[in-house]
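Numbered from 1 within each chain, the chains take letters A, B, ... in sequence-line order.
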Amino acid sequence: MEYNFKAIEQKWQKQWVDNKTYKVEIDKNRPKFYVLDMFPYPSGAGLHVGHPLGYIASDIYSRFKRSNGFNVLHPMGYDAYGLPAEQYAIQTGQHPQITTDTNLKRYREQLDKIGFCYDWDREIRTCDPEYYHWTQWAFIQMFNSYYCNQAKKAAPITELVEAFNAVGTQGLDVACTEELEFTADEWKAKSETEQQEILLNYRLAYLADTMVNWCPALGTVLANDEVKEGISVRGGHPVEQKVMRQWLLRVSAYSERLLEGLDKVDWSDSLKEIQRNWIGKSEGAQMKFKVKDSDIVMDIFTTRADTVFGVTFMVLAPESDLTPLLTQPEQKEAVDAYIQQTKKRTERERQAEVDKVTGVFTGSYAINPLSGEEVPIWVGDYVLAGYGTGAVMAVPGHDSRDFKFARQFNLPIVQVVIPEGEEATDPATWEDSKDSKAGTVINSDFLNGLSVPEAIAKTKEYIREKKVGDVKVNYRLRDAIFSRQRYWGEPFPVYYKDNLPQMVDEADLPVQLPEIDKFLPTEQGEPPLGRAKNWVYKDAYPLELNTMPGFAGSSAYYLRYMDPKNDTALVGKEANEYWQDVDLYIGGTEHATGHLIYSRFWNKFLYDLGYVVKEEPYKKLINQGMIQGRSNFVYRINGTNKFVSLNLKDQYETTAIHVDVNIVSNDVLDTEKFKNWNPEYKNAEFILEDGKYVCGWAVEKMSKSMFNVVNPDDIIEDFGADTLRLYEMFLGPLEQSKPWDTNGIDGVHKFLRKTWRLFLNANEEFEISEEKATKDELKVLHKTIKKITEDIEKFSFNTCVSAFMICVNELGSLKCNKLEILDPLTVLLAPFAPHLAEELWSLLGHENTVCDAQWPEFVASHLVESTFSYPVSFNGKMRFKLEMPVDAPNNEIEEAVRNHQSSQKWLEGKTVRKIIIVPKKIINVVVG
RNA sequence: GCUCGAGUGGUGGAAUUGGUAGACACGCAAGACUUAAAAUCUUGUGUCCAUUAGGACGUGCGGGUUCAAGUCCCGCCUCGAGUACCA
């Protein structure tokens, strides 16, 4: 009986489907456990061997939990809306739904072959109207809500309207785009249109003219996390800044709670750190600088209130509302020219030319609220409109950007802080500003002599007393732009009446994506939905032409899995109360500043409104590492069709060429396959070493162009799914990036065959002994139970695999085929190699699935030994071993060491200063 | 620049609270079985010295703490990730 993995895997995959082995229902008699993978976007390329890594890990953990008595929810679905399908549609005219369905089918086939324990009855697709019904529903709730800073939660916008009617904005402390002030009477006097326009300032989903990241090549706006270094993450196209009227989600309202929540979840420190940086909390002071000969007051934010006496000028962002107001007639031309010039630069250019200092004087002066001094107001593009107030007080002595600006335009520089261990010097001699926060304040009136932190505190106190400012916390986190000028996304549940946005009745949801003839913008430059016929609501009102961004559908999907067929709610109360939250979430770190922020925001919002029971959606999160490619190279002698083997290449002028890793084995090229691989190489000649052509190699990203893509289907064809699963885990720690190298796969495949053979007799027939297990056999088993159980809990799956190998090697040498040992071993192995385990489990005579077998219990007494083999070291260097009874008293051990024959050499002519005995660990003799 | 993480054989990687560095594999070498190959099995495999016995050196570099350091502390170097005129 050979280990016929193909037959075994096909058989059990069919049985699992037929028996609905992985179907999950609420079961209040068992504790729940929710394991979630970040669902994939089904791209046209299908899965490569790197994709399933996290899925395999979560699958192992799910099966482990099930064996330990948990009711495990482990669903899967697809993030089906996205740019690639739409771009393909633009190129070919093929409807993105068709592309998506094809890709999805391919994904499903590939996933099925790996033997995952997903409950496919719960599958969701974000492009399914049944699903995006609830994405639209959530949007409506956000539109109808505002965020109260005092209660620290979202509340219905109707409450805010009541407050406006009663007292206007008096005592108002809510999240908003702009601080507004009006009385109840003023509010009531406003027209409906004016009132609606004002409410947009407070809604959690709101429409606003805003500076957006516009990507001309993609014809759409992008969120901040979709842009890296001025380039779109998808496609790599340049991005520019542009003002557009767009939907936004007021994510910034939740900044503090998103930050605090990180302390309550079990995520890796690095991921938490990324989110903390992205939220970017900074505490400081907001201060008012009056403008000379004007009623205008400049608000500025600073974290260095201690340096106010060092302010020698002010700088406004070019886009600031104040810029035109403060520009004096004689400077108007220069300022306008400057603004035009900065507008022309793309975000990318601005970032690339960070060192280039530009700016222009407005002609106005501001009055320092502490010193009363007058300082010039400049415009400079190093000040960002979107952060703080879009204006800064410049302290060139103690801020390097202000310093550069001052030097460029010959503005004065004053020293107000002496860094620790330095003396006051003439700023004219400085190379750079002195930014250190450890030092003593000088030239600053009542702050003189204080340390920096003391001076910050005192200044804050002073400005509050004199009402020239206040303590203020700023966040870097911006509101999320929620409109995309695309076709293949969720339509908004929004229509326009008198140009004002209105929400579609919840009863009319979902608003289905209409059919259109072409997937391009209209001739008038409207988004693709502008092409839809009858794209109106209630026969009269035009519907929104934008669609929602990629992160919309993934923000609450984990809730939908709990209750995927519910047509009256996103998730029913009973299901939500049972499943609660995700206990284990596995996915890539690339979602740190996108999906994982939006999803937490979305969930907190639903929590505030009482729709869900948990404030944080993902209790524990693990980022699986990237599997990189391992590329192979051949070396062509320049100008010839001759290829030289790796270690001889230095004798020639060569060019390295990527070669398909699938025609290379252990870095040795199959030269015949190489000739057929590409017509160009049909007549290739080779210079061999030891009769072989050895290729070079390098670790690179796995991609088609590097010819290093390895497909899981091919691996499964050659070695089986269980081998693939085991090998992916054996490759290294889950969270670490590592290269895929098919070469090592033989090791785990051999291990599975060895395991199989444990159950066979000399005639290759299945035969199991009912005999009682020996002490040694039990020791091997229980050592393994302990190790596997502990390591699964630590997500250390690579060491699990090696523990299995050790176990099977040892049982092999003990020639153990006893039921008492192999039965529990099968259960241990089941999460890792479920097909093989099912087959063995049924051969062992069990009728149920091994998934429901009880996890073996570790019995410590099987590991107890009567003696311990001590490593004996002299001055820390291990020299020999000494077998002693475990309960031997120290003086006996000492004596045994002193008298041991091997000790004499190390003791000769030396005195023993000390003997350290660590029970059951080590003996160290200190000599000298 | 700032923040975080990582540097261990030819390769992937092991190593509780500091306690035998290199587990488990791959690869390589030698051998057994075979007409041959594949498969399987056995042995060896950090580097250097030594015929052996054995010894010296070894976890990026330099210091330190300790009976004992891959592990802790200080200072560097290199690589990776995130982020960036954030006031």
Side-chain angles (χ1 to χ4, degrees), chain A residues 2 228-229 268-278 280-282 284 300-304 307 315 317 350-351 353-357 380-384 386-395 398-402 404-405 435 474-478 589-590 592-593 623 625-626 630 666-667 697 699 727 730-733 735-748 750-751 753-754 757 790 794 796 798-807 809 869-881 905 913-918 920-928:
Chain A
E2 271 281 300
K228 290 232 155 75
E229 287 162 7
S268 73
D269 288 339
S270 67
L271 191 68
K272 286 187 186 180
E273 203 57 34
I274 293 172
Q275 289 215 341
R276 284 195 190 105
N277 291 340
W278 188 258
K281 181 177 184 172
S282 76
I300 61 93
F301 175 76
T302 181
T303 53
R304 291 297 300 274
T307 60
V315 189
R350 246 169 110 156
Q351 284 184 5
E353 299 162 9
V354 159
D355 288 333
K356 210 165 129 190
V357 182
D381 70 356
Y382 81 93
V383 177
L384 305 177
Y387 185 78
T389 59
V392 299
M393 61 175 214
V395 186
H398 306 285
D399 180 285
S400 62
R401 294 152 303 174
D402 297 342
K404 276 192 202 122
F405 197 85
D435 295 3
N474 247 315
Y475 299 91
R476 209 193 67 118
L477 184 68
R478 317 281 174 83
T589 178
E590 68 272 18
T593 54
N623 291 120
M626 271 246 296
R630 186 180 187 277
N666 285 328
D667 293 336
W697 63 275
V699 172
Y727 186 54
F730 189 57
L731 230 38
E735 298 184 70
Q736 191 176 304
S737 285
K738 58 241 164 196
W740 176 271
D741 182 359
T742 308
N743 288 336
I745 202 164
D746 268 340
V748 289
K750 251 187 245 174
F751 155 74
R753 282 210 304 260
K754 263 192 224 171
R757 279 205 306 274
E790 286 173 358
K794 287 192 296 190
S796 176
N798 56 328
T799 51
C800 285
V801 178
S802 82
F804 277 125
M805 288 172 168
I806 293 168
C807 174
N809 287 344
S869 177
Y870 278 98
V872 181
S873 50
F874 290 80
N875 288 345
K877 286 216 183 298
M878 210 283 277
R879 297 301 177 184
F880 62 90
K881 292 236 180 140
K905 179 170 168 191
R913 301 197 184 235
K914 211 199 275 186
I915 297 184
I916 287 143
I917 297 164
V918 186
K920 289 171 87 175
K921 275 268 161 63
I922 199 167
I923 298 166
N924 190 19
V925 185
V926 187
V927 295

For residues A:H398 and A:R304, report the shortest heavy-atom separation together with the two atoms involved. O-NH1, 4.5 Å
Quick check on A:N809: does its CG atom have over 12 non-hydrogen neighbours (other residues, nucleotides or ligands) under 6.0 Å away? yes
Which nucleotide, in any strand shown, forms a Watson-Crick or G-U wobble pair with B:U35, with both distances under 3.5 Å? none
Base B:U20 paired with A:K877 side chain (donor-acceptor, <3.5 Å): no
OP1 or OP2 of B:C86 under 4.0 Å from side-chain N/O of A:N277: no
Of the listed B:G19, B:A14, B:A87, the closest approach to the A:V918 side chain comes from B:G19
Given B:C26, is OP1 or OP2 found less than 4.0 Å from the side-chain N or O atoms of A:N743? no
Check whether any side-chain heavy atom of A:E273 sits under 4.5 Å from a side-chain heavy atom of A:R276, and report yes or no. yes
B:G44, syn or anti by chi within 90 degrees of zero: anti
Are the side chains of A:I745 and A:F730 in contact, using a 4.5 Å heavy-atom criterion? no
Rounded to whole Å, please give me the gap between CG in A:D381 and P in B:C86. 13 Å
From CE of A:M805 across to P of B:A14 the rounded distance in Å is 14 Å
So A:V392 and A:I300, side-chain contact (heavy atoms from CB on, under 4.5 Å) or not? Walk me through it. CA-CA 5 Å; A:V392 299; A:I300 61 93; 5.6 Å; no
Counting Watson-Crick and G-U wobble pairs only, both distances under 3.5 Å, name the nucleotide matched with B:U11, or none. B:A25
What integer number of Å spans the P atoms of B:U71 and B:C85? 38 Å
Separation of B:G55 atom C1' from A:N875 atom CG, nearest Å, is 16 Å
Let me know the distance between CG of A:N623 and P of B:C4, rounded to the nearest Å. 17 Å
Specify the separation, in whole Å, of atom CD1 of A:I274 and atom P of B:A84. 12 Å
How far, in whole Å, is B:C24 from B:U45 if one measures between their C1' atoms? 15 Å
Which listed nucleotide (B:A87, B:A25, B:G54) is nearest to the side chain of A:S282? B:A87
Separation of B:G82 P from A:E735 CD (nearest whole Å): 16 Å
Below 4.0 Å: OP1/OP2 of B:A39 and any side-chain N or O of A:R753: no
Report the C-alpha distance between A:V748 and A:M805 in whole Å, list the side-chain angles of each, state the deciding distance to 0.1 Å, and finish with yes or no for side-chain contact (heavy atoms from CB on, under 4.5 Å). CA-CA 8 Å; A:V748 289; A:M805 288 172 168; 3.5 Å; yes
Paired nucleotide for B:U17 [Watson-Crick or G-U wobble; both distances under 3.5 Å]: none
Nearest to side-chain heavy atoms of A:K881, which nucleotide of B:U3, B:C24, B:U20: B:U20
Look at the side chain of A:K921 and decide which nucleotide, out of B:C24, B:U20, B:U17, has an atom nearest to it. B:U17
Please report the distance, rounded to the nearest Å, between CG in A:D435 and P in B:C86. 11 Å
If you check every side-chain atom of A:L384, which of B:C86, B:A23, B:A56 has the closest atom? B:C86
In terms of the angle between their ring planes, are A:Y727 and A:W740 parallel, tilted or perpendicular, with boundaries placed at 30° and 60°? perpendicular
Picking from B:C67, B:G19, B:A15, which would you name as closest to the side chain of A:T799? B:A15
Please evaluate residues A:D399 and A:M393 with respect to the criterion side-chain contact (heavy atoms from CB on, under 4.5 Å), reporting the C-alpha separation (whole Å), side-chain torsions for both, the decisive distance (0.1 Å), and the verdict. CA-CA 10 Å; A:D399 180 285; A:M393 61 175 214; over 6 Å; no
Establish, with yes or no, whether the OP1 or OP2 oxygen of B:A84 is under 4.0 angstrom from a side-chain nitrogen or oxygen of A:R476. yes
With no hydrogens and no angle check, just 3.5 Å: does a side-chain donor-acceptor pair link A:N924 and A:K914? no
Over 60° means perpendicular and under 30° means parallel, so classify the ring planes of A:F301 and A:Y387, tilted if in between. perpendicular
Taken to the nearest 0.5 Å, the spacing of A:D269 CG from A:I274 CD1 works out to 11.5 Å
Tabulated below should be each protein N or O lying under 3.5 Å from an N or O of nucleotides 5-13 of chain B; please produce it.
unit_1	atom_1	unit_2	atom_2	d
B:G12	O2'	A:L731	O	2.5
B:G13	OP1	A:Q736	NE2	2.9
B:G13	O3'	A:N798	ND2	3.4

Under a 3.5 Å limit on both distances, the Watson-Crick or wobble mate of B:C79 is B:G5
If you check the A:Y387 side chain, which of B:C86, B:C67, B:U3 turns out closest? B:C86
In whole angstroms, the gap separating P of B:A29 from CG of A:N666 amounts to 11 Å
Name the nucleic acid region contacted by A:V748, choosing base, sugar-phosphate or nothing; use a 4.0 angstrom heavy-atom cut-off, strictly under. nothing
Report yes if at least one side-chain N or O of A:K905 is closer than 4.0 Å to OP1 or OP2 of B:G55; otherwise report no. yes
Side chain of A:M878 (C-beta onward), nearest among B:A56, B:U20, B:C86: B:U20
Closer than 4.0 Å, any side-chain N/O of A:Y382 to the OP1 or OP2 of B:A87? no
Pairing partner of B:U52 (Watson-Crick or G-U wobble, both distances under 3.5 Å): none
Is there a side-chain contact between A:R401 and the phosphate of B:C86, meaning an N or O under 4.0 Å from OP1 or OP2? yes
Whom does B:U66 pair with, Watson-Crick or G-U wobble, provided both distances fall under 3.5 Å? none
Pairing residues for A:Y870 by the ring pair (Phe, Tyr, Trp, His ring centres under 6.0 Å) criterion, not counting sequence neighbours: A:F868
May I ask which nucleotide in the shown strands pairs with B:G46, Watson-Crick or G-U wobble, both distances under 3.5 Å? B:C57
Nearest to the side chain of A:S802, heavy atoms from C-beta on, is which of B:G19, B:G55, B:C24? B:C24
Can you check nucleotides 41-43 of chain B for protein contacts, nitrogen or oxygen pairs under 3.5 Å, and list what you find?
none

From B:A15, B:C4, B:A25, pick the nucleotide closest to the side chain of A:N809? B:A25
Residue matched to B:A84 through Watson-Crick or wobble contacts both under 3.5 angstrom: none
Is A:S873 reaching over with its side chain to a backbone N or O of A:I923, donor-acceptor style, under 3.5 angstrom? yes
What nucleic acid atoms does A:I916 come within less than 4.0 Å of, heavy atoms only: base, sugar-phosphate, or nothing? base
